[in-house]
Protein chains: 2
Amino acid sequence: MVATIKDVAKKAGVSISTVSRVVNDSKPVSPEVKKKVMETIEELGYKPNEIARTLVTKKSYLIGVIVTDLGDSYIAEIVRGIEEIGKMYDYDILLCSTFGDKDAEIRYMQLLNTKQVEGIILISNNINEEIETYTKSFKRPFVYLNRYYYDDRYATVMVDNCEAAYEMTSYLINLGHRDIAYVSNNKEDSSLEKPKLEGYSKAMRENELKESVYYTEGISMENGYEAARNIVESKSATAIFCGYDEAAIGVLGYLYDNGIKVPEEISVTGFGDILIASIYRPTLTTIKVPYYDIGAVSIRRIIKELKGEKSEENKMILPFQIQKRQSSSKPK
Amino acid sequence: MVATIKDVAKKAGVSISTVSRVVNDSKPVSPEVKKKVMETIEELGYKPNEIARTLVTKKSYLIGVIVTDLGDSYIAEIVRGIEEIGKMYDYDILLCSTFGDKDAEIRYMQLLNTKQVEGIILISNNINEEIETYTKSFKRPFVYLNRYYYDDRYATVMVDNCEAAYEMTSYLINLGHRDIAYVSNNKEDSSLEKPKLEGYSKAMRENELKESVYYTEGISMENGYEAARNIVESKSATAIFCGYDEAAIGVLGYLYDNGIKVPEEISVTGFGDILIASIYRPTLTTIKVPYYDIGAVSIRRIIKELKGEKSEENKMILPFQIQKRQSSSKPK
DNA sequence: TTGAAAGCGTTACCAC
DNA sequence: GTGGTAACGCTTTCAA
């Protein structure tokens, strides 16, 4: 049987209150008694039961993190940020994956609450109206991260998508490209795709260039692959800018499979800077979204809120960067 | 304030025992009372506090998972397996990342124990003698996963590395290759590298071919990149078999950067089948290690043990597969 | 079928 | 400084 505070108290010949005091250093204890208690603790290998502690203090030091899929490298990166910063404040991560299932999101929100997490970070791909019901009833700090949809009801952390798309398009234009295709994700009303399109349009308009947008079903590599086929078959571009790295990798795959040289014949750029972007050959020029920082800032916000400091702004904007790599160059 | 069992009891005009009974369906309750209680629960939005429950039942339904780094796709895959199967048995994952820090492994083992996890799965890269002390004192189910070292003191799940390396080498030989270089990880005494080397040697010997092993500092892409340079400069191989996919991707990178065609001029194969293996171009021929299943089997073992069914074998061997892809072909 | 009460391992308040 | 004890929210005997 594992030792409890009682065992320590008995063996040390003091009250459990005293043991509790030395363990938590919460109130003065005479040096001799303290020494004795600490020795006994050592001897018995006593470790406070965090569950019992949580029950009385209401502090579980647990943050619930609900993700779509850890297999997505950008999500692993966010979780990394959450965890590392969380640990700095003694918080641990209770992890749940939804694999895109809306019901699971709700189910896990509830589950995590019964497990007494102090806050929840939800990484989602959907719009899920039911969420609000639960965030409201729980009254715990909540951060909502979503690559597709923006919802001003929840606290979130992101980059300025419009600005980023604008800069990337401008970069390609400055390289000398005139025919720049934009591969857009078609999720109806994806509220975060709009600003990207705007940024692209703005740069093109400013330079009096003709816009050419290709819509895809989703953002997968397969979608990118298909988009590339369409673009190449209509011979309509010297540069392809994709709204998501995943699609961009698909584009590169199509070009590779069809013997089209990148960047000599066509330049390709992405959005995100997920792990493979820098590993794939040619390496992908893209917009580096600071996923690690997004996770870090998210949990920091929750911890701040837990300390009673209300953050005023719901939306936190982080800086991005244009990562220039092998996949882009001047047009031939 | 969130409703407790007391609130429900009072409002429903019954004892808390009765409420507990209907919540857990643990003892017969008269239909009318049951109905009344359930209505009250609904009305108050009552959800049992799992922390309080754990305190009395000793069941936290929490499994501690300590990983090196979620950013490694194979680890994300293992965790996926752990989580999905865990959820089937109502278990949740408490996640900790060590980033290779040995002390962190110990620290988290202790931490997770104070949090009352029912079992621990440790994914490590090191040999850490201290671990035994803790697994022993905790007496909780424990599974140890390590890509480099095998330690028969702990329960573990793996593939037959020797057999896998043998088959991959044989595959290359059957394609017609005679000069096959093996890129080995040099971690001194890495006890899992030995069987791989054996498998390679065995296949080469059986065909009276000259072995040529290149040792690297680690298994990173950079290591693979360097190894490829050495191999190419000494013109010593038509096929390169790497003990880890990461290194193989590095090899492909070097060949790409130096205009050497894969597989036309050199075939490349790996070990693991991590995510990029199938995304990178050319796609990588490799040994598919069932990481998801490794996670799944690990947690299933823990849950079995929790139910009192002791597994007799410490070492569980899972089947692998040779994944043939673009990076290998007959020699020219 | 139901309720009272002990107990899980702590913390925190109140006396002394 | 120290000890006794209520309380946290729940499950589980034990009686009725």
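Because only heavy atoms are used, hydrogens play no part in the values below, and waters and symmetry mates are left out as well, while side chains stay in. So that the names make sense, note that chain A is the first sequence line, chain B the second, and so on, each numbered from 1.
- As a whole-Å value, the separation of Y61(B) OH from dT11(D) P is 12 Å.
- K47(A) comes within 4.0 angstrom of sugar-phosphate atoms only, judged by non-hydrogen atoms across all strands, and of no base.
- Shown here is K6(B), whose NZ atom has no more than 12 heavy atoms of other residues, nucleotides or ligands within 6.0 Å.
- Using a 4.0 Å cut-off, some side-chain N or O of N24(B) falls inside it from OP1 or OP2 of dT11(D).
- Along DNA chain C, the nucleotide closest to P31(B) and the one closest to S17(A) are compared, and the more 5′ of them pairs with P31(B).
- Taking for each of R21(A) and A52(B) the nucleotide of DNA chain C with the nearest heavy atom, the 5'-most of the two is the partner of A52(B).
- In this structure, I16(A) atom CD1 and dG7(C) atom C1' are separated by 13 Å, rounded to whole Å.
- Side-chain N/O atoms of K6(A) include none lying less than 4.0 angstrom from OP1 or OP2 on dG7(C).
- For E83(B) (side chain) and S97(A) (main-chain N/O), a donor-acceptor pair under 3.5 Å exists by modelled atom type.
- Checking the phosphate oxygens (OP1, OP2) of dG1(D), no side-chain nitrogen or oxygen of K34(A) falls inside 4.0 Å.
- Residue P48(B) places its side chain closer to dC10(D) than to any other of dG9(D), dC10(D), dC8(C).
- Taking atom CD on Q116(A) and atom P on dT10(C), their separation rounds to 18 Å, with Å as the unit.
- Look at S30(A) and you'll find a side-chain N or O under 4.0 angstrom from OP1 or OP2 of dT2(D).
- Mapping L55(B) and K27(B) onto DNA chain D by nearest heavy atom places L55(B) at the nucleotide closer to the 5' end.
- The CG atom of N49(B) sits 18 Å away from the P atom of dC8(C) (whole-angstrom rounding).
- Between E43(B) and K11(B), at least one side-chain N (NZ, or NE/NH1/NH2) sits under 4.0 Å from a carboxylate O, which counts as a salt bridge.
- If you check every strand for non-hydrogen atoms under 4.0 Å, T4(A) touches sugar and phosphate atoms only.
- Residue M109(B) comes nearest to I66(B) through the heavy atom pair N-CD1, 3.8 Å, listed as atom of the first residue, atom of the second, then distance.
- Contact annotation for T18(A): backbone-only contact, meaning every heavy-atom pair under 4.0 Å involves sugar-phosphate atoms and none involves a base.
- Atom CG in D25(A) sits about 12 Å away from atom P in dT11(C), given to the nearest Å.
- Per the geometry, OH belonging to Y46(B) stands 10 Å off C1' belonging to dT11(D), to the nearest Å.
- Using a 4.0 Å heavy-atom criterion, one finds that V14(B) contacts the sugar-phosphate atoms exclusively.
- Distance I5(A) CD1 to dA12(C) C1': 12 Å, rounded to the nearest Å.
- In this structure, D7(B) places its CG atom 9 Å from P of dC10(D), rounding to the nearest Å.
- Taking the six-membered ring where tryptophan is involved, the planes of Y291(B) and Y74(B) are tilted, since the angle between them lies from 30° to 60°.
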